[in-house]
Structure formats: C-alpha cells, structure tokens
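Counting begins at 1 with the first residue of the sequence.
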Amino acid sequence: MLLKILLTVGLIYIVYIAFFKKPALRNETPPSSSSSTEDATNEMVECAQCGTFTSADEVIYSMGQTFCSKECVEKTI
C-alpha cells in the first residue's frame, strides 16, 4: 500500500516537472557594444541614380553622393 502511494506521488511529480515547471532562465549578458557596430554596417543607403538600396559596406561614394554600382556613377557623368 505504501509503495503504491510513493509511486503515485513520484509519477505526479514527474508529470509536474515535465509539463508545468518552467525552465530556469539563463544569465546571458546583454549585447556588447560590438553588436552596435554590426548594426551600423547593415545600414541601407539609397542610390542617387536609380534609387536602389544598397548596404553601406558596398556603396560607392562619388561627387558627394552614394551609388550602387559603377554603371550608375558613369550615368551621372
């Protein structure tokens, strides 16, 4: 009789752990300042000639304007 009670309590505890208990939250550090530099490199800039948006890393600067390719630069000249 005592064994049945212990097994039932154990089974209820296992079901409780499996379905109802929330996992412990991890102590993750907040994003460092290096992620803000990544955000700056993902900035999109509009081409002055065709209006296409290009990543700030790949933009061509000419005559104080931004262009998406050499062809767009040559069209404005």
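- Side chain of Thr54 to main chain of Glu46: no donor-acceptor pair is present (N/O by atom type, distance under 3.5 Å, no hydrogens or angles).
- Counting all heavy atoms, side chain and backbone alike, Phe67 lies closest to Ala48 at CE2-CB, 4.0 Å.
- Cluster partners of Met44, by chain and number: Phe53. The rule joins Ile, Leu, Val, Met, Phe, Trp and Tyr whenever side-chain heavy atoms lie under 4.5 Å apart.
- Leu7 shares a hydrophobic cluster with Leu3; the chain of contacts runs through ILVMFWY side chains whose heavy atoms sit under 4.5 Å apart.
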Show me, pair by pair, the donor-acceptor contacts under 3.5 angstrom made by side chains of residues 68-77, not counting sequence neighbours?
| residue | atom | partner | partner atom | Å |
| --- | --- | --- | --- | --- |
| Ser69 | OG | Glu71 | OE1 | 3.2 |
| Thr76 | OG1 | Val73 | O | 2.7 |

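- Under the rule for a side-chain contact (heavy atoms from CB on, under 4.5 Å), the partners of Ile17 that lie at least two apart in sequence or sit in another chain are Tyr13, Lys21.
- Think of Leu11 as one node in a network of Ile, Leu, Val, Met, Phe, Trp and Tyr side chains linked at under 4.5 Å; it has no links at all.
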